[in-house]
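Everything on this sheet refers to the single structure shown next.
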Amino acid sequence: SYGYGRVDVYRALKALAEPKSLPSPALLGWEGGQVKAADGEEVQAVLTVPPGAFNLPVYSGSTKSAMRFHLELVSSPPNFPQNIEPAGKAVYIRPWGESTVQKPLSLQLKLTPPQQQALPAYKESGTNSTEQIAYLYRWSGSRWLRVGGGLPFSASALEVKSYEPGLYRAGWSAAPATDRISGPDRISTALAIAREAFPTGADTVVLSRADSYPDALAGVPLAYRLQAPILLTNPQSLPQEVEQLITELAPRQIIILGGKSAVAPAVEERLRQQAPVTRLAGKNRYETASVIAHTLGVKGQAVVVSGSNFPDAITAASAAAQAGSPILLTPPGSLAVATANTLNRLSVVSTEVIGGTGVVNQSVWSKLPEPQRISGLDRYATSAAVVKAYQPQGDILYVATGQNFPDALTGGVLAAANSSAILLLPPQGLTAAQIQALHPLRGKKAVALGGRGAVSDQVLKQVQELIN
């Protein structure tokens, strides 16, 4: 008699209320809140726990229905590598128990200004900048791993999504000395992007086939959560240069996206010589995206894109990763069964559709929970609309060709790790919608993903002149 259920007013008020702010240590219930660690009167770290981040009772007022969050400043953390300068206090987030994160937390650290000002940056772009960029790092037990960030030296605080406890610290790194990341082919470009995104190594590596895109499209949010690069391989054989980089990164686990026809068992066996291997696969691209979404484990939100039209998924990847939203695929004219089931199992209450009615039509849109659409007249206008809706906070804007997608595909994790986005460019130059989207981004630097055959120097220069 109540249809979808009575309105839960108490839960609604708790979810929408301003989060309570407490000093560390603090007990937080279902409604979440903010926990602060201070050095005297000055707050150095804030951990924000959103409502419903953990599977806790909504109504019980006992301590058994709450979780303890403890942040403590660490006076003598392990040293950063030589090319990273500390940017503030290190903070240790004590383990909060066995409960898994269902919505990403946010960790904000206060930044101290960089001391060095003579590091090269963007020499090839014609600027005289000597900027440094702030990143958040997590101590893995043996090394500092880059989590995210990418903010300019003018930033006073750095805020990055967090999924696990541990020791965190912000650090300054020199801005890239080039305005282009590329290799002779898509596999080599993916390697160059991985080195740029994870210069201190990675505990996880994600691998996908180089000659087809659907599996890797949905993998960007998971790779970002695990601080993992996405590398490409031939379906039947592992390129030597890919194996070499995996050795350099020294991961503790490797994740293959796609079934045995996408990445052969022989490749999997070769990878097992490096680290334990997990394969995430379904019977088709829609099921594989669903498997990846369940592995990501975030509930309540999702991004839905066409499984047969790749530019929109690439455009959405960085924003989805930063928000912690899984990317689900669907045919243009009917909602995939695997996608519908995943929306239910992940208790999705809001979806974001990227692309117009030609790629995800109104019939599909009407079956999605609380759908919102971001789209343009074509792939380039849609890309501009996403950049406009999620203006990059980082210092770098990444650009890639909209004609072929492997460079932008593997660059999604890099863009997310730099609090940025990827703007897809037409070969003939910027469209009016893209020029309009670039105007608010003045002061950023443009970096191309792919060689000059993908993004010409002329088009890259056009972007740089607009935002410089």
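When a residue number appears, it is its place in the shown sequence, counting from 1.
With no hydrogens or angles considered, a side-chain donor-acceptor pair links S290 and T342 at under 3.5 Å. Q227 and R146 share no donor-acceptor pair across their side chains, judged by distance under 3.5 Å alone. There is a side-chain donor-acceptor pair under 3.5 Å between Y168 and S162.
Here the side chain of W172 pairs no donor or acceptor atom with the backbone of Y135 at under 3.5 angstrom. The main-chain N or O of G88 is found under 3.5 Å from a side-chain atom of R169 such that the two form a donor-acceptor pair. The backbone N or O of G394 sits nowhere less than 3.5 Å from a side-chain atom of S419 that would complete a donor-acceptor pair. Q274 places no side-chain N or O within donor-acceptor distance of the main-chain N or O of L271, the cut-off being under 3.5 Å. Remark: side-chain polar atoms of N361 are not paired, donor with acceptor, to backbone N or O of T357 under 3.5 angstrom. Proximity of a side-chain donor or acceptor of K36 to a complementary backbone N or O of A45 within less than 3.5 Å is not detected. Proximity of a side-chain donor or acceptor of Q434 to a complementary backbone N or O of L424 within less than 3.5 Å is detected. Looking only at distances, a side-chain donor or acceptor of Q393 sits under 3.5 Å from a matching main-chain atom of Q391. Side-chain N or O atoms of S420 include one that pairs as donor or acceptor with a backbone N or O of I396 at under 3.5 Å.
Applying the side chain to side chain contact (heavy atoms under 4.5 Å, CB included) rule to P95 yields the partners Y92, P165; only residues at least two apart in sequence or on another chain are considered. Residues that satisfy the salt bridge (Lys or Arg N to Asp or Glu O under 4.0 Å) test with K89, not counting sequence neighbours, are D39. Scanning for salt bridge (Lys or Arg N to Asp or Glu O under 4.0 Å) contacts around D378 gives an empty result, with sequence neighbours left out. Residues satisfying the side chain to side chain contact (heavy atoms under 4.5 Å, CB included) test with E287, not counting sequence neighbours, are K283, N284, A338. In this structure, R11 has no salt bridge (Lys or Arg N to Asp or Glu O under 4.0 Å) partners at least two apart in sequence or on a different chain. Contacts of L56 classified as side chain to side chain contact (heavy atoms under 4.5 Å, CB included), with partners at least two apart in sequence or in another chain: W30, F54, M67. For E159, there are no salt bridge (Lys or Arg N to Asp or Glu O under 4.0 Å) partners two or more places apart in sequence or in a different chain. When the ring pair (Phe, Tyr, Trp, His ring centres under 6.0 Å) test is applied to Y137, the partners found at least two apart in sequence or on another chain are F80.
Exactly one of T410, V413, L231, I230 qualifies for a side-chain contact (heavy atoms from CB on, under 4.5 Å) with I193. That residue is T410.
Applying the 6.0 Å contact sphere to CG of L377 captures no more than 12 heavy atoms from other residues, nucleotides or ligands. Annotation: K388, atom NZ; neighbour count of heavy atoms from other residues, nucleotides and ligands within 6.0 Å does not exceed 12. When the shell of 6.0 Å around CZ of R442 is examined, it contains more than 12 heavy atoms from other residues, nucleotides or ligands. Residue Q436 qualifies as open at atom CD: its count of foreign heavy atoms under 6.0 Å is 12 or below.
A heavy-atom distance below 4.5 Å is found between the side chains of V91 and L109. Looking only at side-chain heavy atoms (C-beta outward), P78 and L167 come within less than 4.5 Å of each other. Considering only heavy atoms from C-beta on, F310 stays 4.5 Å or farther from L329 through its side chain. At least one side-chain heavy atom of L466 sits less than 4.5 Å from a side-chain heavy atom of H439. Here the side chains of V263 and R279 are in contact, with some heavy-atom distance below 4.5 Å.
Applying the side-chain hydrogen bond (donor to acceptor under 3.5 Å, both in side chains) test to every pair with at least one member in residues 323-340, sequence neighbours left out, gives these pairs: Q301-S325. Residues in residues 198-214 take part in these salt bridge (Lys or Arg N to Asp or Glu O under 4.0 Å) pairs, two or more places apart or across chains: R143-D203, D203-R252, R209-D211. Residue pairs meeting the salt bridge (Lys or Arg N to Asp or Glu O under 4.0 Å) criterion with at least one member in residues 341-361: none, sequence neighbours excluded.
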Under 3.5 Å, which donor-acceptor pairs link side chains of residues 362-370 to any protein atom two or more places apart or in another chain?
residue: Q362; atom: OE1; partner: R373; partner atom: NH2; Å: 3.0
residue: S366; atom: OG; partner: Q362; partner atom: O; Å: 3.3
residue: S366; atom: OG; partner: S363; partner atom: O; Å: 2.9

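Taking the charged nitrogens against the carboxylate oxygens, K260 and E268 have no contact shorter than 4.0 Å, which rules out a salt bridge.
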